[in-house]
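A short worksheet on the structure shown next.
Atoms within a ligand are numbered from 1 in the order they appear, just like the ligands themselves.
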Amino acid sequence: CGNYQYIKVSKVGSRSNVGLIQLNRPKALNALCNPLLKEVAQAMTAFGKDSSVGAIVLTGNEKAFAAGADIKEMEDKTYASWMTSNMHQDLDCVAKVRKPVIAAVNGFALGGGCEMAMMCDIIYAGEKSRFGQPEILLGIIPGAGGTQRLIRSVGKSKAMEMVLTGNQITAQEAEKMGLVSKLFPVEKVLEESIKLGEKIASNSQIANMVAKECCNAAYETTLKEGLHLEKRMFHATFATKDQKEGMAAFVEKRKANFTNE
Ligand code: CO8
């Protein structure tokens, strides 16, 4: 799946329909340097276009999902160099891909790493993982959703405690506050995330994309507009063959065979 330096990319699962992107810069705890983010954007975009891929898993290694943006690379950055760089757009590809994305987190998910995990749709995490937004300790603030997605995910008080202290939280705390969907032993996280990806990939890809778009709208719009969008998108699913197949399979007591039409 392409020639990459900072990530490993493959298709996994018994039907090879789960796209796996593994951050592979272990010596720097997967710090999100410019070229790494470029590769992530490239791989995400490619999986988004690949009709054989129904879900995507984004992971790191047992020590780190990602310990944040690369501080050594950022140290001398200026307003002008940020404005003319494409790093945010590259990172945003994680949030923008229309297929479901699962973050399989072990170890540190800090700063941009925590933000990257929050751009995914579901977070599965290992029992020893740690989440945090330590930017304030560097004299900056979170820059890729840490003041926005975290608040929406865990509420103001907990999010602001994390953002204003830079303290890390444990995997157990993260699960309790709803940031993480499920916890697993370290060695099981990736396997369970791929299993989840396979289950999701067996749905209609159209239904998955529509569901994702509607769930994301809940973050970005009013309840009234969100409910309106949901209703119209619900109606729209009845224009698909997959709806006919899904309901026929139920009535005929068999497994649905979705064709993404
Ligand atoms: N950037 C660059 N290098 C890093 C980073 C990082 N964020 N994190 C770790 N490393 C490097 C270390 O420098 C070290 O390298 P070397 O061996 O060459 O000195 C190696 O990884 C191992 O790290 P440690 O020796 O520090 O490992 P420890 O186990 O002692 O500590 C910690 C682990 C606690 C995770 C520690 O490394 C740490 O505090 N890292 C920095 C965490 C941090 O502050 N992250 C936030 C960065 S700011 C940010 O993310 C802003 C995002 C804005 C979005 C931008 C989008 C484009």
Side-chain angles (χ1 to χ4, degrees), residues 4-7 21-45 58-97 101 103-120 123 125-154 159-174 179-180 186 189 219:
Y4 295 104
Q5 189 183 347
Y6 293 100
I7 60 175
I21 301 175
Q22 198 161 13
L23 307 183
N24 186 30
R25 203 189 165 206
K27 283 191 185 137
L29 302 181
N30 289 333
L32 306 170
C33 61
N34 194 351
L36 181 147
L37 288 177
K38 255 192 205 0
E39 291 187 358
V40 169
Q42 208 181 321
M44 278 288 171
T45 309
L58 178 61
T59 195
N61 56 47
E62 293 198 352
K63 181 119 203 269
F65 178 73
D70 189 319
I71 299 169
K72 293 168 191 165
E73 188 186 79
M74 277 188 299
E75 196 183 352
D76 295 322
K77 261 189 170 301
T78 61
Y79 172 77
S81 64
W82 272 118
M83 283 302 283
T84 52
S85 97
N86 218 41
M87 278 179 77
H88 271 97
Q89 282 81 349
D90 287 340
L91 182 53
D92 283 345
C93 286
V94 177
K96 289 212 171 111
V97 66
V101 184
V105 175
N106 266 318
F108 297 110
L110 303 177
C114 185
E115 293 170 315
M116 188 184 229
M118 289 191 290
M119 286 180 180
C120 300
I123 304 180
E127 283 158 354
K128 293 184 185 152
S129 53
R130 318 269 297 180
F131 294 80
Q133 297 293 157
E135 288 89 342
I136 205 88
L137 306 173
L138 298 167
I140 59 169
I141 67 160
T147 68
Q148 302 298 306
R149 288 195 178 92
L150 189 59
I151 292 244
R152 284 165 167 81
S153 174
V154 306
M160 286 199 69
E161 187 178 355
M162 285 172 72
V163 169
L164 292 176
T165 63
N167 288 346
Q168 295 173 14
I169 58 165
T170 63
Q172 290 69 26
E173 288 171 304
L179 178 60
V180 162
V186 173
V189 180
Y219 269 125

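Listed by first and then second residue, the side chain to side chain donor-acceptor pair (under 3.5 Å) pairs that reach into residues 134-147 are Gln133-Glu135, sequence neighbours excluded.
Heavy-atom minimum distance, Arg149 versus Ala95: NH2-CB, 3.6 Å. Here the shortest heavy-atom pairing between Leu179 and Ile123 reads O-CD1, 3.5 Å.
Contact of the Phe131 side chain with the Glu173 side chain is not registered, since no non-hydrogen atoms from C-beta on lie closer than 4.5 Å.
For Thr45 and Gln42, the side-chain atoms include no donor-acceptor pair closer than 3.5 Å.
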message = Does Phe108 form a side-chain contact (heavy atoms from CB on, under 4.5 Å) with Leu29? I'd like the steps, not just the answer.
response = CA-CA 8 Å; Phe108 297 110; Leu29 302 181; 4.2 Å; yes

Table of N or O contacts for ligand 1, cutoff 3.5 Å:
residue  : atom   : partner : partner atom : Å
ligand 1 : 1 (N)  : Ala69   : O            : 3.4
ligand 1 : 1 (N)  : Ile71   : N            : 2.9
ligand 1 : 7 (N)  : Ala67   : O            : 3.0
ligand 1 : 7 (N)  : Ala69   : O            : 2.9
ligand 1 : 13 (O) : Lys72   : NZ           : 3.1
ligand 1 : 18 (O) : Lys72   : NZ           : 3.4
ligand 1 : 21 (O) : Lys27   : O            : 3.4
ligand 1 : 29 (O) : Lys63   : NZ           : 3.3
ligand 1 : 45 (N) : Ala67   : O            : 2.9
ligand 1 : 50 (O) : Ala69   : N            : 2.8
ligand 1 : 50 (O) : Gly112  : N            : 2.8

